[in-house]
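Here is the structure we will look at, set down as structure tokens.
The analysis underlying the following values was restricted to heavy atoms, covering all of them including side chains, and did not include hydrogens, waters or symmetry mates.
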Amino acid sequence: MLNEQDGARSIFPKAVSFNLSTFSSKDFIVKDFIEGLSSTSLASHRRSGVQTTEAFDPKPYIRSFEAALERLKDLDEDLSGRESDLKEGVRRAEQDHTRTIERLGSKFNQTLQEFQRLDASISDGGGMAVRIGGELEQLDKQRQRASDAVFLIKCYSEFARGDSSRLEALRKTGKIEDSIRCAVVSRQLTMIARRTEGNNQSRDLIEKFSETLEKDLLRQFDRAYRKQQWDAMQGCAKVLYDFNGGASVTQIFVNQHDFFINMEKLVTGQILPEGEIWEKLPDPDADPPGVEPSLQKLIKEVKYVLEGESTIIARVFPQPEQVLGKFLQRVFQQSIQQRLEMVLQTTEKLSTLAYLRTLQAARVCIGQLVDELKAHGLTEHPSPLSSTTTVVIDQNLEELFLPYLSGSVYIEREKQSLDQLYAGVLLKFNLFHSRRKKMQNMTYFDRMKISAAKVSAEAREKAIEKVKESESTGGGAWSRVLGGVRRADTDEGDTNNKLGGILNATEADGQLSVDTAKRMLRWLAEAVGRSLELSPTADTPKDVTALLTLLIEHMRKIYIETALDVCLESADQQGTKNEPDLAYFAEIKPATTIMHLMFSFINTALIPLASTSLTVRREMMSLTNTSVAGLEAKINNVVQKTIEVVLNWVTQLLGKQKKMDFKPKDDDVSLTTLQTPTCTSIITFLERVVATIRQTLDGANLTHFLTELGTGFRNLLLEHLKKHQINSAGGLMLIKDISAYHTLVKSWGVKEVREGFELVHEIANLFVVNPAALRERLKDSVLVKVRPALLKVYLSKRDDYGSAGIEKLLSVD
């Protein structure tokens with residue numbers, strides 16, 4: 001029975017059942033769908049029980065896929081029908097929507113037209129209401145004026161009868177509004193009384209009442225200020241502004257402020273010049289110490305008070321900028337100005353430099369105060385300061401320093417300070433050279449008297465040193481005395497005699513010092529920086545020109561040129577009896593160093609500051625170039641004169657050459673292995689000279705000096721060879737001398753000099769060359785470029801010149 005049932009089963013595959021939901025599922029995958037169709041066909045094939053190894057049979061698959069395609073066609077037709085129905089529904093819905101939109105648009109337009117008509121009618125009603133309101137306001141003002149006029153007439157009538165009870169009652173209510181009205185009526189009554197003639201009693205009574213009212217309001221304002229009742233202060237200030245423009249309340253607020261009372265002792269207190277700051281102020285080598293302590297304390301207090309009171313002013317007064325301006329004016333023109341004047345007067349007694357440093361520090365400190373107040377805003381805090389108050393505070397700052405900076409007052413002070421400092425630092429230098437000039441004109445006996453007086457002078461010098469040590473602890477008084485000595489005083493005979501007994505100007509004091517020049521330039525740099533801060537920008541070219549002129553006057557003319565003139569005088573005084581002393585030449589090195597420092601400073605720091613004025617800049621450059629040319633000319637004169645002095649002494653030494661040095665006898669032949677004494681002395685002298693020159697000159701200047709010296713020395717040797725008869729043994733002696741000279745100039749390291757001495761060496765060789773080899777010698781050496789006629793002068797000094805036929809040899813050549 002089971003077999004029958006199995007035999008009844010179909011061997012064909014069942015069609016796969018699927019619908020639209022199968023494809024609309026999110027998990028639908030085409031590959032899985034195809035595999036499902038294939039697996040159905042394979043399962044049906046296995047159920048048929050056929051076991052065979054035959055080839056693959058596609059029929060089950062074809063049937064399965066055909067059934068699936070048929071089902072898909074049915075579903076497609078079904079979907080197409082549904083789509084057509086939906087499209088028709090959408091078309092009908094769109095038509096309904098369009099008709100609905102048109103109907104709503106028509107209703108909206110009707111509503112908008114109704115709204116516009118309504119808005120127009122409301123606008124007409126509003127305009128009417130505004131006009132009615134304006135008319136009502138005008139009527140109210142007229143009514144108020146009429147009421148005020150009635151009240152004013154009643155008050156005036158009562159004052160005419162000597163009765164002021166009505167206004168007194170209004171004044172004593174304690175209300176701010178009533179006080180304001182009382183003040184307004186009182187001012188109007190005063191104006192009426194002044195215009196009305198004949199009733200002096202009522203006018204006097206009105207004025208008396210006004211004064212009473214004003215004093216009462218001022219007392220209320222002051223009492224409220226003491227109790228910090230800002231609202232009451234504001235009310236009183238408003239009444240007084242309406243009463244008399246606020247002049248009285250502003251005056252009482254400023255004049256009776258606690259700051260001016262409490263700061264009275266600080267402003268007018270005595271200044272004691274004690275402490276480190278007072279020691280540094282007059283010391284030009286110390287850094288500027290800053291602001292005087294009492295002035296700095298006052299400025300800090302001013303900043304604190306202004307920032308605090310500005311808040312009260314802004315809250316209380318109807319016009320705070322006007323009150324703040326008065327307060328600022330009082331602070332600057334009274335408190336700060338009084339203290340500044342006292343400080344400057346005290347520092348001026350110390351020195352001009354102390355005065356200028358204090359002025360600069362005060363200007364910077366007060367300028368910082370002004371900047372901080374502007375940034376704070378004062379009555380406009382936290383906003384920046386208003387333009388009106390900014391102008392007021394800038395004007396007060398400018399007027400505060402106007403007496404010290406206007407015109408040429410300031411720059412003249414700077415020139416005076418530098419002139420004093422330069423005169424002080426160059427005092428001993430000038431004294432030494434002034435005495436030196438006098439000593440040159442003295443006789444031998446006068447010099448003996450001065451030498452005898454040196455003992456007492458030294459004793460006085462020790463006493464002065466003690467005074468200097470004692471005064472060094474008292475604020476540098478000695479340095480200030482030296483700094484205050486005028487340069488013109490050193491030129492006076494009497495002053496020289498007095499200072500000569502006090503100041504022992506040694507030779508070292510009369511020499512140039514690079515450190516002194518650096519100090520002078522550092523002082524000038526401080527003055528330039530100070531002028532840039534204190535002088536107007538438009539005056540900068542004029543100021544730096546004045547400072548440049550002062551620097552040229554002292555450092556070039558008084559300092560460098562004086563030393564160079566002394567060098568030139570020393571060179572001129574070198575005679576031919578003794579070996580020249582070139583100690584003066586050491587001044588060339590500091591002179592060139594100071595020149596470089598000075599003109600570098602001028603070109604770097606001074607001339608660029610005059611860029612705003614081409615005319616002034618051109619004048620400064622012309623003055624600088626003239627100074628450079630003048631100093632270079634003096635240095636060149638000293639160098640040339642020194643070369644001349646050296647060559648003159650070499651000439652003297654060559655003149656001491658013995659005639660028999662180059663023509664020795666037979667028994668003196670053993671001496672040919674040594675240089676002559678003249679050669680030894682010349683070499684020793686030139687070695688000392690070159691050693692001295694190397695300590696002073698370097699670079700191109702040293703090369704130029706050695707070139708000039710070597711060229712002159714070579715020319716002297718060439719002339720020297722023309723003066724002596726030379727035999728064969730003397731030729732060997734000459735070769736030794738020339739070789740020593742050649743070795744000396746080689747050590748100088750100057751190519752031109754070394755090459756120039758090769759000619760001298762070759763000419764010296766002509767005195768030891770065999771006459772037979774002389775022709776070849778003239779053709780193979782550097783002498784080939786020399787004409788035979790020039791060589792004849794030297795060859796003629798050979799002993800064998802005539803006997804060996806050398807004269808004929810030269811004539812053949």
If we ignore hydrogens and angles and just use 3.5 Å, is the side chain of Tyr422 paired with the main-chain N or O of Met520 as donor and acceptor?
yes

Please round to the nearest 0.5 Å and tell me the distance separating atom CZ of Arg413 and atom CG of Leu418.
13.5 Å

Around atom CD of Gln333, are there more than 12 heavy atoms from other residues, nucleotides or ligands closer than 6.0 Å?
yes

Where is the tightest heavy-atom contact between Ile336 and Leu298, given as atom of each residue plus distance?
CA-CD2, 4.0 Å

Interatomic distance, CZ@Arg357 vs CG@Leu350, rounded to 0.5 Å, equals 11.5 Å

Heavy-atom nearest pair, Thr562 first then Lys557, reads OG1-O, 3.4 Å

Where do Leu378 and Leu306 come nearest, in terms of heavy atoms and distance?
CD2-O, 3.7 Å

Quick one: side chain to side chain donor-acceptor pair (under 3.5 Å) partners of Lys326, sequence neighbours excluded?
none

State whether the side chain of Ser613 and the backbone N or O of Ala610 hold a donor-acceptor pair below 3.5 Å, judged by distance alone.
no

Using distance alone, with no hydrogens and no angle criterion, decide if Asp543 and Ser531 have a side-chain donor and acceptor under 3.5 Å apart.
no

Can you find a heavy atom in the side chain of Leu400 that is under 4.5 Å from one in the side chain of Asn396?
no

Quick one: CD1 on Ile313 to CD on Gln319, what's the gap to the nearest 0.5 Å?
13.0 Å

Students often mix this up, so state it plainly: with edges at 30° and 60°, are the rings of Phe317 and Phe221 parallel, tilted or perpendicular?
tilted

Note: Glu526-Arg530 ion pair, threshold 4.0 Å (strictly below):
yes

Checking the side chain of His433 only, and the main-chain atoms of Ala563 only, is there a donor and an acceptor separated by less than 3.5 Å?
no

For Glu321 and Ser386: C-alpha separation, side-chain torsions, deciding distance, then whether side-chain hydrogen bond (donor to acceptor under 3.5 Å, both in side chains) applies.
CA-CA 9 Å; Glu321 290 186 352; Ser386 65; 2.7 Å; yes

Could you go step by step and tell me if Ile588 and Val638 meet the side-chain contact (heavy atoms from CB on, under 4.5 Å) rule?
CA-CA 8 Å; Ile588 298 297; Val638 174; 3.7 Å; yes

Side chains of Leu218 and Val249 in contact at under 4.5 Å (non-hydrogen atoms)
yes

Check: Ile607 main-chain N/O paired with Arg617 side-chain donor or acceptor under 3.5 Å:
yes

Measuring from His554:NE2 to Ile552:CD1, what's the distance to the nearest 0.5 Å?
12.0 Å

Sorted by first residue and then second, give each ring-ring contact (aromatic ring centres under 6.0 Å, His included) pair with at least one member in residues 320-377; sequence neighbours left out.
His257-Phe327, Phe260-Phe327, His376-His381

Just so I know, are the side chains of Glu276 and Pro289 near enough to count as touching, which here means a heavy-atom distance under 4.5 Å?
no

Can you tell me if Gln322 and Thr250 form a side-chain donor-acceptor pair at under 3.5 Å?
no

Using 0.5 Å steps for rounding, measure from the CG atom of Leu547 to the CD1 atom of Ile602.
11.0 Å

Taking all atoms of both residues into account, what is the closest heavy-atom pair of Leu606 and Val528, and its distance?
CD2-CG2, 3.6 Å

Look at the side chain of Ser434 and the backbone N and O of Asn430, then say whether any donor-acceptor pair between them is shorter than 3.5 Å.
no

Quick check against the 3.5 Å criterion: does Asp509 have a side-chain atom that pairs as donor or acceptor with the backbone of Thr506?
yes

Determine, stepwise, if the pair Glu341 / Tyr404 fulfils side-chain contact (heavy atoms from CB on, under 4.5 Å).
CA-CA 10 Å; Glu341 289 177 354; Tyr404 314 107; 3.2 Å; yes

4.5 Å side-chain heavy-atom contact, Glu414 and Ile411
yes

Would you mind writing out the side-chain donor-acceptor pairs for residues 358-366 within the sub-3.5 Å range, not counting sequence neighbours?
unit_1, atom_1, unit_2, atom_2, d
Thr358, OG1, Ala354, O, 2.8
Gln360, NE2, Glu533, OE1, 3.1

Of the non-hydrogen atoms in Ala237 and Val316, which two are nearest, and what is the gap between them?
CB-O, 3.8 Å

Does the side chain of Leu521 reach to within under 4.5 Å of the side chain of Leu551, using non-hydrogen atoms?
yes

Measure from the side-chain N and O atoms of Trp523 to the backbone N and O of Pro284, and report whether any donor-acceptor pair falls under 3.5 Å.
yes

Could you please spell out the steps behind the salt bridge (Lys or Arg N to Asp or Glu O under 4.0 Å) verdict for Arg436 and Glu569?
CA-CA 12 Å; Arg436 181 188 58 81; Glu569 291 176 6; 3.0 Å; yes

Determine all donor-acceptor pairs shorter than 3.5 Å in which one atom belongs to a side chain in residues 624-637; sequence neighbours excluded.
unit_1, atom_1, unit_2, atom_2, d
Thr624, OG1, Met620, O, 2.8
Asn625, ND2, Met621, O, 3.1
Thr626, OG1, Ser622, O, 2.8
Ser627, OG, Arg556, NH1, 3.2
Ser627, OG, Leu623, O, 2.9
Lys634, NZ, Asp565, OD1, 2.8
Asn636, ND2, Glu632, O, 3.1
Asn637, ND2, Ala633, O, 3.2

In short, Asn603 meets Pro608 closest at the heavy-atom pair O-CD, 3.3 Å

Run the numbers on Met233 and Ile312 for side-chain contact (heavy atoms from CB on, under 4.5 Å), then give the verdict.
CA-CA 10 Å; Met233 289 177 62; Ile312 300 175; 4.3 Å; yes

Above 12 or not: heavy atoms from other molecules or residues under 6.0 Å from CG of Asp287?
no

Got a second to check how far Gln296's CD is from Glu301's CD, nearest 0.5 Å?
13.0 Å

Side chain to side chain donor-acceptor pair (under 3.5 Å) pairs touching residues 583-592, sequence neighbours excluded, are Tyr584-Thr642

Is the shortest heavy-atom distance from the side chain of Leu609 to the side chain of Leu532 under 4.5 Å?
yes

Derivation and outcome, side-chain contact (heavy atoms from CB on, under 4.5 Å), residues Thr516 and Phe429:
CA-CA 11 Å; Thr516 298; Phe429 179 85; over 6 Å; no

Criterion side chain to side chain donor-acceptor pair (under 3.5 Å) against Lys374, the qualifying member of Thr389, Asp394, Thr390:
Asp394

For Phe585, give me all partners under ring pair (Phe, Tyr, Trp, His ring centres under 6.0 Å), at least two apart in sequence or on another chain.
Phe705

